[in-house]
Asks: 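My questions will all concern the structure given below.
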Protein chains: 2
Amino acid sequence: MQIAILLHDRFTALDAVGPYEMLSRVPRARVDFVAEAAGPVRADTGFLTLMAGKALADVPRPDVVVVPGGPGTAAETGNVALLDWLRTADATSTWTTSVCTGSLLLAAAGLLDGRRATSHWLTLDLLARFGALPAGERVVQDGKYVTAAGVSSGIDMGLTLVGRIAGDERARTVQLLTEYDPRPPYDAGSPDKAPAHLVEELRANARFILAGERSR
Amino acid sequence: MQIAILLHDRFTALDAVGPYEMLSRVPRARVDFVAEAAGPVRADTGFLTLMAGKALADVPRPDVVVVPGGPGTAAETGNVALLDWLRTADATSTWTTSVCTGSLLLAAAGLLDGRRATSHWLTLDLLARFGALPAGERVVQDGKYVTAAGVSSGIDMGLTLVGRIAGDERARTVQLLTEYDPRPPYDAGSPDKAPAHLVEELRANARFILAGERSR
């Protein structure tokens, strides 16, 4: 089973590495990080670079596609080469998935037309512009399409997929191996739970956050 | 503020990227991934390579040190260059931290003598061999030393540190931005919660798991 994780301009690292850490533990899985060109791809903060081992053209038929988000995704919704690859890969994939604003890329490729999908809470409404049906849940499955909410939710999505692919027993083993028994020290991880003034502040600055400006 | 995240032979990617994703959002923080030599460092699965932007010698006085774990850590407890760097960096750090088996490296460097610390649940007892006091909690703080349990716990540790460094308000903002409102699809993330036969199976195979053999 080949799992392709797409690295694109200014991706958010945890969006990619969360699902990777879970899915790489599926027995006999091979994970390939892919990008328009093989080689280094810099994450959104500018502090971290991951290597894409393969170019898109070298991975035409992955079994699982994972598309992370990041402040670069808005611009990438116009990247024809990337959208073409998504459509090609999706034609034969078993699972086509995204984390955070990665769902905007799937939607821009026309893969989420009329399907329920999620995204980072700040961009959930944008999904409708591309024909998807926004669903404000942490992990949303509609057929073979599995989308996750913001950044850290890719871990929940990845573990969910391990269960679908390799069974509940394996998924529980992976959860135990990665000691995924989260205890956030605060309870502000969603707009429903965070203090209202913080939610408003981020909404007011969404334009800058989504453009990846560091002044946030 | 300079945050140094150590990349070593066969580190576990989420151990490093979890804290990075939180700590990189501390205002005016700079994160440097460091390794014995600058350049590519391969993670434990063999599927993912991160770039170390700097060599250890180039980052002698970071404010925050983060040591991820991985199946290579047992061997690295004998790596003199690495342990020397940890001692040097620790001499002036504000926070010295680890995730998963990274605490074995801090302990081997003599930095956790008589201190409460945690590690991956499979290696918790090993801490005592290096003079630390094993504490089976998800995030353990003893003075400026903050250790986290297995793999995914580095996210909780990172967010805890954001709060200590930049205040609760900023930490809540980071939690909201990264939508860290975890919903694991299973409840098997610790040896207390997982089915007993899975815990036993991993304990029985601990030697192989810690050596990073893929047959797990």
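Below, chain A is the first sequence line, B the second, and so on; all start at residue 1. No hydrogens, no waters, no symmetry mates; every other heavy atom, side chains included, goes into these values.
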Asks: In terms of heavy-atom pairs under 4.5 Å with chain A, which of B:V199, B:T178, B:L198 leads?
Replies: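 Maximum pair count with chain A is reached by B:T178.
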Asks: Can any side-chain N or O of A:E179 pair as donor or acceptor with the backbone N or O of B:S153 at less than 3.5 Å?
Replies: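 Answer holds: no.
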Asks: B:D181 pairs by side-chain contact (heavy atoms from CB on, under 4.5 Å) with which of A:S190, A:P191, A:S152, A:P184?
Replies: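 Running side-chain contact (heavy atoms from CB on, under 4.5 Å) over A:S190, A:P191, A:S152, A:P184 with B:D181 returns exactly one hit, A:S190.
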Asks: Is there a side-chain contact between A:R183 and B:V139 (heavy atoms, below 4.5 Å)?
Replies: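 Counting from C-beta outward, A:R183 and B:V139 never come under 4.5 Å.
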Asks: By a 4.5 Å heavy-atom criterion (distance strictly below it), what part of B:A194 contacts chain A: side chain, backbone, both, or neither?
Replies: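 The side chain, not the backbone.
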Asks: Mind listing the closest non-hydrogen atom pair of B:P185 and A:L159 along with its distance?
Replies: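 Smallest interatomic distance, heavy atoms only, reads CD-CD2, 3.9 Å.
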Asks: Look up atom CG in B:D168 and atom OH in A:Y186, then write down how far apart they are to the nearest 0.5 Å.
Replies: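 B:D168 atom CG to A:Y186 atom OH measures 3.5 Å (nearest 0.5 Å).
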Asks: For each of B:D15, B:I5, B:T160, B:V174, tally heavy-atom pairs with chain A at distances under 4.5 Å, and name the one with the top tally.
Replies: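 Highest number of pairs under 4.5 Å: B:T160.
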Asks: With a 4.5 angstrom heavy-atom cut-off, is it the side chain or the backbone of B:A16 that approaches chain A, or both, or neither?
Replies: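 Contact with chain A involves no heavy atom of B:A16 at all.
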Asks: Between A:L176 and B:W121, does a side chain to side chain contact (heavy atoms under 4.5 Å, CB included) hold up when you go through it step by step?
Replies: CA-CA 9 Å; A:L176 182 56; B:W121 63 273; 3.5 Å; yes
Asks: Take B:L177 and A:V151 through the test side chain to side chain contact (heavy atoms under 4.5 Å, CB included) and record every step on the way to the result.
Replies: CA-CA 8 Å; B:L177 270 171; A:V151 190; over 6 Å; no
Asks: For B:H197, which atoms come within 4.5 Å of any heavy atom of chain A: side chain, backbone, both, or neither?
Replies: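 Contact with chain A involves the side chain of B:H197 alone.
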Asks: Heavy-atom pairs under 4.5 Å with chain B - which of A:M51, A:R138, A:E169, A:R30 has more of them than the others?
Replies: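 Counting heavy-atom pairs under 4.5 Å, the top option is A:R138.
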Asks: Can you give me the closest heavy-atom contact between B:L14 and A:E21, atom names plus distance?
Replies: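 Where B:L14 meets A:E21 most closely, the heavy atoms are N-OE1, 2.9 Å.
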Asks: Could you check whether atom CG of B:D125 has more than 12 heavy atoms from other residues, nucleotides or ligands sitting under 6.0 Å from it?
Replies: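 Counting other residues, nucleotides and ligands, CG of B:D125 stays at 12 neighbours or fewer.
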Asks: For the candidates B:I155, B:D32, B:D187, B:L122, which exhibits the highest count of non-hydrogen atom pairs separated by less than 4.5 Å from chain A?
Replies: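 Option with the top pair count is B:D187.
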Asks: Quick one: does A:I3's side chain get under 4.5 Å of B:F47's, heavy atoms only?
Replies: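 A:I3 does not reach B:F47 side chain to side chain.
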Asks: Measure across B:S24 and A:T45 and return the closest heavy-atom pair with its distance rounded to 0.1 Å.
Replies: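 So the minimum-distance heavy-atom pair works out to OG-CG2, 3.7 Å.
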Asks: Atom NZ of B:K193 and atom CD of A:Q175: how far apart are they, to the nearest 0.5 Å?
Replies: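 Those atoms lie 8.5 Å apart.
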Asks: Which distance, rounded to the nearest 0.5 Å, do you find between the CG of A:L48 and the CZ of B:F33?
Replies: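 Reported to 0.5 Å precision, the distance equals 4.0 Å.
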